[in-house]
Each structure stands twice: as structure tokens, then as C-alpha cells.
Number of protein chains: 2
Amino acid sequence: MDPDFTPLDAALGDDADGYLLDADGTDSTQRYLSGFDAPDPFVTCYTPDGIHLLVSGLEYGRARKAARADTVTRLSADDYRERVNELGRATGRGAVVADFLADHGVDRVAVPGRFPLGTADGLRESGVAVRVDESDAIAEIRAVKTAEEVEHVRRAQRANERAMAAAESLLESASVVDGVLHRDGDPLTSEAVRREIELTLVREGCALDESIVACGADAADPHDRGSGPLRADEPVVVDIFPRDTETRYHADMTRTFVKGTPTETLREWFDLTDEARKAALDAVGPGVTGGAVHDAACDVYEDAGLPTLRSDPDAETGFIHSTGHGVGLDVHELPRIAPDGSELEPGNVITIEPGLYDPDVGGVRIEDLVVVTEDGYENLTEYPVELVL
Amino acid sequence: MDPDFTPLDAALGDDADGYLLDADGTDSTQRYLSGFDAPDPFVTCYTPDGIHLLVSGLEYGRARKAARADTVTRLSADDYRERVNELGRATGRGAVVADFLADHGVDRVAVPGRFPLGTADGLRESGVAVRVDESDAIAEIRAVKTAEEVEHVRRAQRANERAMAAAESLLESASVVDGVLHRDGDPLTSEAVRREIELTLVREGCALDESIVACGADAADPHDRGSGPLRADEPVVVDIFPRDTETRYHADMTRTFVKGTPTETLREWFDLTDEARKAALDAVGPGVTGGAVHDAACDVYEDAGLPTLRSDPDAETGFIHSTGHGVGLDVHELPRIAPDGSELEPGNVITIEPGLYDPDVGGVRIEDLVVVTEDGYENLTEYPVELVL
């Protein structure tokens, strides 16, 4: 079932006739609107009459078969080259796109904030009015998933759980020599655990660019991927965010493990983070803002006397990120579960991932993936929350 | 060894004080200039004084450790939110970036053509002059690889060869039942061969978003990934373009196989394509244009009476793409081995990949990856060129 694109009519307002994209198929907004994937940039224009594509000759046949388009126009390589030679690369591209728009009766367009400036300047020089859509309408449409999209995410999360189980099993079965985890006589490294995660995901039909297996001080930096030998009695943060290669939808999950005995502080941090996770989940529901969900997590930490970005915007330890984000064709998309997060709607797929960080303690993060429903949420994550292996 | 960024001074000319990027770490130009990777957009500004980053609090610590930056500024989340609430998302971001630029004495910037329009419009409203760099200076710098970068590509191509061998072995060892390749009693599919390619690459430290294993009519579309059971006596185009997960550099290679007996036409096409490959390779060297290399391949096909885009810009069968492209942090980058391709330089890493396509015959493509040297080229590809398995 195609998404409902009619909200774009409102984004056009009374000063635009078309909603224009110029990006390759790795751009999720392009992929979502066009239903097409190509390695080089192509152009999609939504008008109230339909969806129109401008693609290179190389992509023309495939676009006519595979794209969501009502019309597909083949870009003339010679014409393009001539315009680029005459006007420069960016302006020349704009001139070619302006001709395509004119063929569809469009001379005023709304575009997403990340639309390429070169094409925009070229369009403007060709007399096309280009306005940034501050409402980010396609991102807003993407934030509410159809039932089919939720199933894509659920399938990716099932694969993700098998990868997490493979990682946990490696950590659990490791022997400990001088405080370092070992496997088959060699130190067990972040890299080796990531490799096992990747192999499991490929077998499950997923891919991923990277994952996080971070131990000790590495784990105290939320985006550190981790490297080198893993140590006993220290937290290992495992954060996996695969993409289903068929559907392109993502999943996302984090667990924190200790092989051996956690310090008392770490144990407290883990319990507190699980409490923050539950408090945030309890807050999730339609009509509740992402800000309120974030506040629920902050409350738990601040009540325990720990710093958050809410209590100290410059905090470098404690709860130093937002509580979550939307997940779909992008692993980070709307809605935000953060101070400025807007009201949730049924169909939003979001992470809830509170955490605590301090180089002297390490890091703890627990992340579930849930879908907002008519009366609350459904947790798409079926993986236990346990610290000690 | 860091690349030499001083050519950016020329791109600044006399009307810009800084070269500005606003993109996440998956943008190769951002990654190349900043030496940093982050999942959300951040800002990098090159000035003749150094490289300056503006990152979120979440990335600040890691950026100070890992980035190529001379200075790293932490974006204040509160300030950002305030500006966005006041001015809108795009304009607000522009205002925050304008403040950062002012701190570095920059009020006129050059940007790549794909710089986000929202930030650009916001900067312009804040009084910063923003000009598209039509010379695409960073892409030009990226096109000439250091010795270290060439080794990154070579390593990825070695992994690629093991993946190609795994694919070839699956095809070769298949049994044939009613014209369809079988393995362990089940039809052998494009999907199964791609899976084997992916598993091999993961073991080799590489990842890939997709690969092409296309048979028969699928293979007649150069960008069709292929699907379903593979057939005997028909061409199977295998095109693999992995990314080394550590270095992020790509490789690229294509071979065409037939399990069984090719038709006479297919055999001729294969021999002709290998001839076109050799003719294009013979043409490669410093000072030769990408256009001349492309012409060498076109000559072979046209002399044999087959259509090319050069002889007929609207051709839908025959040689319907360019001869090659640069490979590096992106799988498609400069230089172009195409009609508008400029002069090659030592250090360019390029593909040479002529091919022929017709839905009635299938497709044939043979692709090598080479580095331009002082006196010609070195072929980074050590995989045999053989059609019949």
C-alpha cells in the first residue's frame, strides 16, 4: 500500500506547484517518494496530478518498471552536457531540471532543507521559484508508518535479536585470562564480536554499515564503536542497527553486558537505566509529546542525583543524549524523543534508549524499539534485559 | 599522510574566506575533509588557517580525538533550539553556522553543489555570502589518490576477488535441471549467490549495500540487481563493489559467466567486450582524457557494427553507458571515463567496464579497476576473464 502523499498539497501552499527532490536512491526521502533506487542523483517532482521522474538513460527502463512514478522522463545526455558546458555544472543541471518542470506546468517548487544548493541556484537563475519547506513534509509523512512498514521494521528487529544473541553468546562463553575475555586462546575483541554480528545479519537478509561493541572507557562515549580486547567486570555496550536489504527498513536495539562482576556503581546505573527505560515507555502514547517522554527518563536520573542535559546543558557525564528517535528507512528519523519532540501519533516507530556515561565507570545503555498504537505502544523488542553473563 | 588541501585556496578565489560543508559522515566529501564520521550532519570549514569543525555535544569528545580538525566547536543544543524555534529549522541552522563562521573570521564561503539549500538560505539571511564551487574542488582532490589510498583500494579489490571466486564457484558447481541451475536439489537464485558474496565479504572485513547477479533479460539492464533462479546457457553478470569497513574505500569488478553453452552471438559479444576492455586499457595514461579512453571502447563496438551512445544518443541496446568512473570513498566519483571526461593524472583510480546489452541476448560486462601511473596504468584486478564455466 502506497503512503498517502496528499499532506504534500498543504506543504505546497499557495506559492508552489510542485515538491521537488534531487538526490540518489540512498536518500531515504527520495526513495520513499519515488519508490526508486539508483546510485546517481535523479529528480522527482510531486504535483497534485502525480509523481514525475527525470532519470538518466541508464536508469530509464528500470525506472519505468520499478518506480512509483506516473511519468518517467529520460534525461538527454547530450542536452545535459551542453547546458553544463555552457552554464557550469550546478547551474546547467538547474536549467535541465527547469525544462522538465516546465513540461509539467511547474514554475514554483517547495524542496526539503537538504535539497542541493547548486540545483536550486540553477533553477532560480532559470526563473523557477525555490522555497525550502520548513515543515519537512515528507519527513513528517515518513514518521507515521503504514502497517506494512511496521512489519518491515519488526522483521528487521527479529534479525537484530539473533545478532544480539550471537554477540551475547560470544561474551558469555568467553574465558577470562588476566581480566581479558578470551576465545580459543586469543583475546576476544570488539572487532571479532562485530564480525559475528555482521555474519549473523547477512544470513538473516540484513546489512549494516557499523555496529557498536564498546567496553569500559570506550562505552562512555555513546557513539564510539569500540576497539581491541574486551575486559571482564566492565560494561560492554552492544548497539546494533541493521537494515533489511530487501525492504531497506531498519531496526535498532542496545543491550549492556558484563562478563564477570559489575562494580556496585555500575549495577546501580544499570538498574536506574532500566527504570528510566520503563518510565519513558510508560509515558509513550498518542498525543504525548516526545519532550514529555524524554522528561520521564530525565526525571528518573535527576531524582537519583545524576546529571542530564536537561539539568546541565553542558554535562559531559550522566545522561548526555536524547531518549530516542524515529526509525524507518533511516536509522535516525522523525519523531524526536527529545526536548523539542512533538506529539506522537499511532504508527510512529521510535527507540527508547536512556543511558549513563562516565569515563571512570564506563557506559550503560538499554534500547528498545516500539510502535505507538491507538492506546499506548507495542514493544517490537523481545530481547531480555540482563546485565550479568 | 593527509591529502594536500591547498588546492582549496584556489577554489576560494578572491570572493570566499572559507570552504564549507554541512553533511553527515556518510557524505564522502565531508569524511575526506574532516576525517570524521558521525551519523547526523555536522559542519566543517576549511580556511587557509586550518580545518574547523562544529559538532553536537554528543560528538564533541570523539571529534576532538578522531577528527582531522585544528579546532572543534561544540554546538549548544539550547542555542540551536532557540534559533530554530525563532527562525525555522533551516534558517535557524544557518544562523548558528553563521555565528561559528564569524568566530573564524569567515563571512563569505564556497560550497559544493550538493550543499543543503536550507543552511545556505539561512546563511544568506544572516549576511554570509554563499557561492557554489562549480570546480567541485574537493571532488577533484579526492580523484587523485595518495599511495595509502591506493593500498586501501587494492585491499578491497583482493577481498572482492575472493567474493567473485565464491560466486563463480557456486555457478560452476551447480547442476542443471530443465535449464535451471540447481544446488542441493533447489534452484540456485540470484539472491543465494548475492548472499554468498556478502558472507565472503564480511569475513574479509568488507561490507556492501548491494551487488548485481543478473541473468538473461535482467542482465540486459546494467543496474538491475537480478532476482530468481539462474539459468544455464545464459549470461550471468556478477558486479561487486564492496567497501572496506575499516578504511571506507571501495573496490569494483564485474565478470560475466555462462554455465553451459553460450549462443554464438553471446560468445561474439563477450570477445568484443574483452577487446573493448583491452583497447580502453591501452589508452589509459596521464594526460589522456577520460573521453579518449571512452572513445577507444566505442571504436571497437562501432567497428563491429554495434550501437553505442556515441553513435546514437537514444540507443537502448548496445553499449549504453560510459566506459568507467573513479572509485574511492564513493563507488562512483571523479574522474569520469565518459565523453566529458577530463585529463587523467597519476593516482586516479578508475574502472574500465565496457558492456553490451539487449533484452533478446542478455548482457555482457567486463570490469577491471586500475590506477593511473606516471607511464600508463597498473591493473589492480587479478581475476581471470573467462566466460564459460
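Proteins get letters first, then strands, A, B, ... in listed order; numbering begins at 1 in each.
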Considering all heavy atoms of both residues, which atom of [X] and which atom of [Y] are nearest to each other, and what is their separation?
| X | Y | result |
| --- | --- | --- |
| A:G88 | B:E134 | C-OE1, 3.4 Å |
| A:A23 | B:R114 | CA-NH2, 3.5 Å |
| A:A207 | B:L208 | CB-O, 4.3 Å |
| B:P313 | A:R74 | O-NH2, 3.3 Å |

Side chain, backbone, both or neither: which part of [X] has an atom under 4.5 Å from a heavy atom of chain A?
| X | answer |
| --- | --- |
| B:H332 | side chain |
| B:R310 | neither |
| B:A315 | backbone |
| B:N85 | neither |
| B:I320 | backbone |
| B:R62 | both |

Note to self: Taking B:R195 first and then A:E204, would you say they form a salt bridge - that is, a charged N and a carboxylate O separated by under 4.0 Å?
What the structure shows: no

Margin query: Can you tell whether the side chains of A:D340 and B:R83 come within less than 4.0 Å, N to carboxylate O?
Written below: no

Check: Got a donor-acceptor contact below 3.5 angstrom from the B:E198 side chain to the A:V202 backbone?
Finding: no

Next item on the list: Could you check which of B:A120, B:G61, B:P39, B:P112 has the highest count of heavy-atom pairs closer than 4.5 Å to chain A?
Entry: B:P39

Margin query: Is A:D37 in contact with chain B via its backbone, its side chain, both, or neither, using a 4.5 Å heavy-atom distance?
Written below: side chain

Next item on the list: Could you tell me which portion of A:R89 (side chain, backbone, both or neither) has an atom closer than 4.5 angstrom to a non-hydrogen atom of chain B?
Entry: both

If you count heavy-atom pairs within less than 4.5 Å of chain B, which of [options] leads?
| options | answer |
| --- | --- |
| A:R93, A:R124, A:E210 | A:R124 |
| A:D221, A:V331, A:D330, A:V111 | A:D221 |
| A:S76, A:G205, A:A338 | A:G205 |
| A:T26, A:V84, A:T245, A:D314 | A:D314 |
| A:R248, A:E316, A:R225, A:R203 | A:R203 |
| A:P41, A:S135, A:A38 | A:P41 |

Note to self: Please report the interatomic distance CG(B:D121) to CG(A:L117), rounded to the nearest 0.5 Å.
What the structure shows: 7.5 Å

Note to self: Distance check, rounded to the nearest 0.5 Å: B:S227 atom OG versus A:E246 atom CD?
What the structure shows: 9.0 Å

